[in-house]
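This report refers to the structure that appears directly beneath it.
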Amino acid sequence: MLDLSYLRNNLEAVEARLALRGGSTGLDRFQEVDRERRAAITEVERLKALRNAGSEEIARARREGKDTTEQQARMRELGEKIKALEETAKQADAALEEILRTIPNVPHESVPAGAGPEQNVEIRRWGRPPEMNFTPKAHWDLGPALGILDFDRAAKITGARFAVYWGLGARLERALINFMLEVHTRHHGYTEVLPPFLINSASLFGTDQLPKFADDLFKCEGHDFWLAPTAEVPLTNLYRKETLPAERLPIKLAAFTPCFRSEAGSYGRDVRGIIRQHQFQKVELVKFTRPEHSYAELESLTADAEDILQRLGLPYRTVTLSTGDLGFSSAKTYDLEVWLPGLNEFKEISSCSNFEAFQARRAEIRYKPDARGKSDFVHTLNGSGLAIGRTWVAIIENYQQSDGSVVVPEALRPYLNAERITAEGALG
RNA sequence: GGAGGAAUGGCCGAGCGGUUGAAGGCGGCGGUCUUGAAAACCGUUAGUGGGGAAACUCACUCGGGGGUUCGAAUCCCUCUUCCUCCGCCA
């Protein structure tokens, strides 16, 4: 959510920035509704002030033993008027709220202008695709052949877009979780958090997944519980409606969670393999920072995610999303794309965003700059560090050998207790 | 799931329906005293939104929502959370 008075005072500038995202800015009726709301609120407050004074007057008169029936009758009338006007004000408020909810965040000035992914800008590249004197296979062939990945049985027990991991496949997933959490907590200074995986709708409103993106979520029947689509939601909402002391900032959290997405509207995309599943696992990084530090923190957050790829020796590139490809709440986003030899393309494996105060305003997360100062909204950031499933894919595909086995990257061996994944003794 | 109890400011804790946005204490901040500190004493100390250049001012907030009333922290309804007991369970 954008700041109301900022929007009001900089309407044209904001409109111009938002136009770069493409699509409608949602600002058409803003001024009119804003005026209506302010008029209604001013009037209600004026009448309430009258009522407060009147009630006090009655109290005083009664203490002096005077008769107040006439004044009370007048006040009753006023009360009814207030009630009616309050209803108007409430509706105007809701109308404005609805408009504000549809307005996306303003892209940061450093974000390249562009209509879509084609205008994203690659800013750096790390590592080299491994040289193979054979045709690399995709993970959906390698995995089942090694007996570590099983789609048929997943379809039987659950359905499409789910997978079962067997043996070293399951252990590789677990090794990646531990490895990533260890690196982020021990080397990058994040605090490990284990949140609930079911979250309520208030939290989803706090990070703007609701109301717009309800179709992308799984809902628990009969409860106000949803399966978390990303740990961003529980982690950011940890401090919802709280005021944080400035000396605690920045707060850096890392969490491992499963993520659940309905993937409505992505039929036919990434149908093979485990690139796009209804359930996947992720280590998520979330930061709460002072506004003046958030862009430096975005750089370090991105570097923290990149460090995982580097330690695993996985080639990747870093891309700045253009205005047209930017997510609804984000002011600036870097995508990390890992090289997948089997698919012969770069695939998103992490997305690191600065939301500035956009989420904090919605979720009412404040900080106090100093003991006497007025509180202000923090800036929130998050990024995957990394998506576990896609990292699993990247390892299988990048480290595959001509005989179909997979060499385990050095950094992962202590976690996996294996140097190579072969089909020997596989049950899957 | 059943039966009771509770929810007040940073914390503890008062609060006959009418200067109670809220006593008192603790903590915080400022000061007096002191070579310095402690103690003691004095003062000060909630948040959000609107208006204003500012001084300031108006509204809202005593878990959330609704109701009764001229007027609600206080009465009524409802929801949520926490505690105790029973049941069930990892």
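Lettering of chains follows the sequences in order, A, B, ..., and the numbering in each one begins at 1. Below, each value reflects all heavy atoms present in this structure, side chains not excepted, and no hydrogens, waters or symmetry copies.
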Partner nucleotide of [N] by Watson-Crick or wobble geometry (both distances under 3.5 Å):
N      : result
G63(B) : C79(B)
G71(B) : none
U34(B) : none
U84(B) : A3(B)
A90(B) : none
G43(B) : C29(B)

Say we look at [N] and [M]: how far apart would their [atom1] atoms be, to the nearest angstrom?
N      : M      : atom1 : value
C85(B) : G10(B) : P     : 31 Å
G17(B) : A38(B) : P     : 45 Å
G13(B) : C70(B) : C1'   : 32 Å
C82(B) : G67(B) : C1'   : 26 Å
G27(B) : C11(B) : P     : 16 Å
A53(B) : U35(B) : C1'   : 47 Å
G21(B) : U81(B) : P     : 32 Å
U68(B) : U80(B) : C1'   : 23 Å

Looking for any heavy atom pair under 4.0 Å, which part of the strands does [X] touch: base, sugar-phosphate only, or nothing?
X      : answer
I58(A) : base
K83(A) : sugar-phosphate
K90(A) : sugar-phosphate
R37(A) : nothing

Please tell me if R62(A) has a side-chain N or O lying less than 4.0 Å from either OP1 or OP2 of G18(B). no
Counting just side-chain N and O atoms, does N52(A) come under 4.0 Å of either OP1 or OP2 of A59(B)?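 Yes.
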Strictly below 4.0 Å, N to O, side chains only: are [X] and [Y] in salt-bridge contact?
X       : Y       : value
E32(A)  : R35(A)  : no
E263(A) : R276(A) : yes
R21(A)  : D325(A) : no
D150(A) : R153(A) : yes
K48(A)  : E86(A)  : yes

Nearest-angstrom distance from the residue atom [atom1] of [X] to [atom2] of [N]:
X       : N      : atom1 : atom2 : value
R60(A)  : C70(B) : CZ    : C1'   : 14 Å
R240(A) : U48(B) : CZ    : C1'   : 17 Å
K48(A)  : G71(B) : NZ    : C1'   : 13 Å
L4(A)   : G51(B) : CG    : C1'   : 14 Å
K241(A) : A46(B) : NZ    : P     : 22 Å
Y6(A)   : G49(B) : OH    : C1'   : 21 Å
R46(A)  : C58(B) : CZ    : P     : 15 Å
R8(A)   : G49(B) : CZ    : C1'   : 11 Å

Of the nucleotides [options], which one has an atom closest to the side chain of [X]?
X       : options                : answer
A59(A)  : G18(B), G49(B), U68(B) : G18(B)
R38(A)  : G18(B), G50(B), C58(B) : G50(B)
R51(A)  : G71(B), G47(B), A59(B) : G71(B)
E45(A)  : G18(B), G49(B), U68(B) : G49(B)
R366(A) : C60(B), C70(B), U48(B) : U48(B)

Assess whether atom NZ of K156(A) is packed by more than 12 heavy atoms of other residues, nucleotides or ligands within 6.0 Å.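 Not buried by this count: 12 neighbours or fewer within 6.0 Å.
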Aromatic ring pairing H188(A)/H184(A), orientation class (parallel under 30°, perpendicular over 60°, tilted between):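 Tilted.
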Return the minimal non-hydrogen interatomic distance between K219(A) and D224(A), and the atom names on each side.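 The pair with the smallest heavy-atom distance is CE-CA, 4.3 Å.
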Judged by nearest nucleotide, the residue sitting upstream toward the 5' end of RNA chain B, F377(A) or A49(A), is F377(A)
When the nearest nucleotide of RNA chain B is assigned to T243(A) and to G54(A) on a heavy-atom basis, which residue is associated with the more 5' position? T243(A)
